[in-house]
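Everything quoted here is computed from the prediction, not taken from an experiment. Atom set for the values below is all heavy atoms of this structure, side chains included, hydrogens, waters and symmetry mates excluded.
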Amino acid sequence: MILVKIHKTQFKDVVAVCDSSLIGKKFEENGLQLDITERFYKGEAMPEEKIIIILENAENVNIVGEESIKLGIKAGIVIKENIITIEGIPHAQYATIE
């Protein structure tokens, strides 16, 4: 299951997308740390079609987990070459710059 949480900000909203099985876990490797906190990532479970629409319209996205990354690729906002892995967990970020 994929969770989506939209953080409203004064400027651009931040969309956090995460595999539900990763909530509350922390991964560290080669000086990098991925802390998948409930506060940032634990959002609403949604159907893929709705998530894709959110991703296609988002300006700032943080995606973590195999399922979520695959969906980001399907939505056209994640490029395979830009995915990093920390302890085998894939992670990508997307932001528009004006």
Side-chain angles (χ1 to χ4, degrees):
M1 177 176 17
I2 298 174
L3 303 177
V4 177
K5 187 166 185 178
I6 300 173
H7 299 272
K8 300 287 184 185
T9 72
Q10 181 180 352
F11 303 104
K12 295 180 181 182
D13 294 345
V14 177
V15 178
V17 181
C18 179
D19 293 7
S20 61
S21 61
L22 298 174
I23 297 294
K25 297 182 179 179
K26 183 188 281 190
F27 302 92
E28 295 183 46
E29 181 179 18
N30 297 325
L32 298 175
Q33 178 177 306
L34 186 56
D35 192 0
I36 307 167
T37 63
E38 285 190 20
R39 183 178 119 306
F40 187 78
Y41 285 102
K42 190 173 183 181
E44 179 184 345
M46 298 179 186
E48 279 192 12
E49 300 80 28
K50 186 172 181 179
I51 298 171
I52 288 173
I53 291 168
I54 290 169
L55 291 176
E56 288 174 341
N57 293 293
E59 295 180 313
N60 191 338
V61 181
N62 193 309
I63 305 176
V64 65
E66 289 185 27
E67 264 187 279
S68 299
I69 290 289
K70 285 179 188 175
L71 198 57
I73 292 169
K74 186 175 178 180
I77 67 157
V78 174
I79 299 168
K80 289 182 183 182
E81 294 78 23
N82 294 334
I83 299 168
I84 65 168
T85 57
I86 300 172
E87 286 190 44
I89 304 300
H91 173 67
Q93 294 179 327
Y94 167 83
T96 59
I97 300 172
E98 296 178 3

K70, NZ atom: more than 12 neighbouring heavy atoms under 6.0 Å |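 No.
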Please round to the nearest 0.5 Å and tell me the distance separating atom CD of E44 and atom CD1 of I6.
-> 8.5 Å
Between atom SG of C18 and atom CD1 of I69, what is the distance when rounded to the nearest 0.5 Å?
->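 Reported to 0.5 Å precision, the distance equals 10.0 Å.
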Which one of V61, V17, V78 satisfies the side chain to side chain contact (heavy atoms under 4.5 Å, CB included) criterion with Y94?
->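 Of all the options given, the one that passes is V61.
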Check for a donor-acceptor pair, side chain of [X] on one end and backbone N or O of [Y] on the other, with a separation under 3.5 Å.
{"X": "E29", "Y": "E87", "answer": "yes"}
{"X": "K12", "Y": "A95", "answer": "no"}
{"X": "H7", "Y": "V15", "answer": "no"}

Using a side-chain heavy atom cutoff under 4.5 Å and only I, L, V, M, F, W and Y, what cluster partners does I89 have?
-> M1, L3, V14, L22, I23, F27, L32, L34, I36, F40, Y41, V64, I84, I86
Are H91 and N62 close enough that some pair of their side-chain heavy atoms sits under 4.5 Å apart?
->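 When only atoms from C-beta onward are counted, N62 and H91 do touch, with a gap below 4.5 Å.
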After noting the C-alpha distance and the side-chain angles of T9 and N60, does the key distance pass the side chain to side chain contact (heavy atoms under 4.5 Å, CB included) rule?
-> CA-CA 11 Å; T9 72; N60 191 338; over 6 Å; no
Using side chain to side chain donor-acceptor pair (under 3.5 Å) as the criterion, list what pairs up with N82, not counting sequence neighbours.
-> none
Would you name the heavy atoms of P90 and G88 that are closest together and state the gap between them?
-> CD-O, 3.4 Å
Distance-only criterion, 3.5 Å: show the donor-acceptor pairs between side-chain atoms of residues 45-57 and protein atoms not counting sequence neighbours.
| residue | atom | partner | partner atom | Å |
| --- | --- | --- | --- | --- |
| E48 | OE1 | K74 | NZ | 3.4 |
| N57 | ND2 | I53 | O | 2.7 |

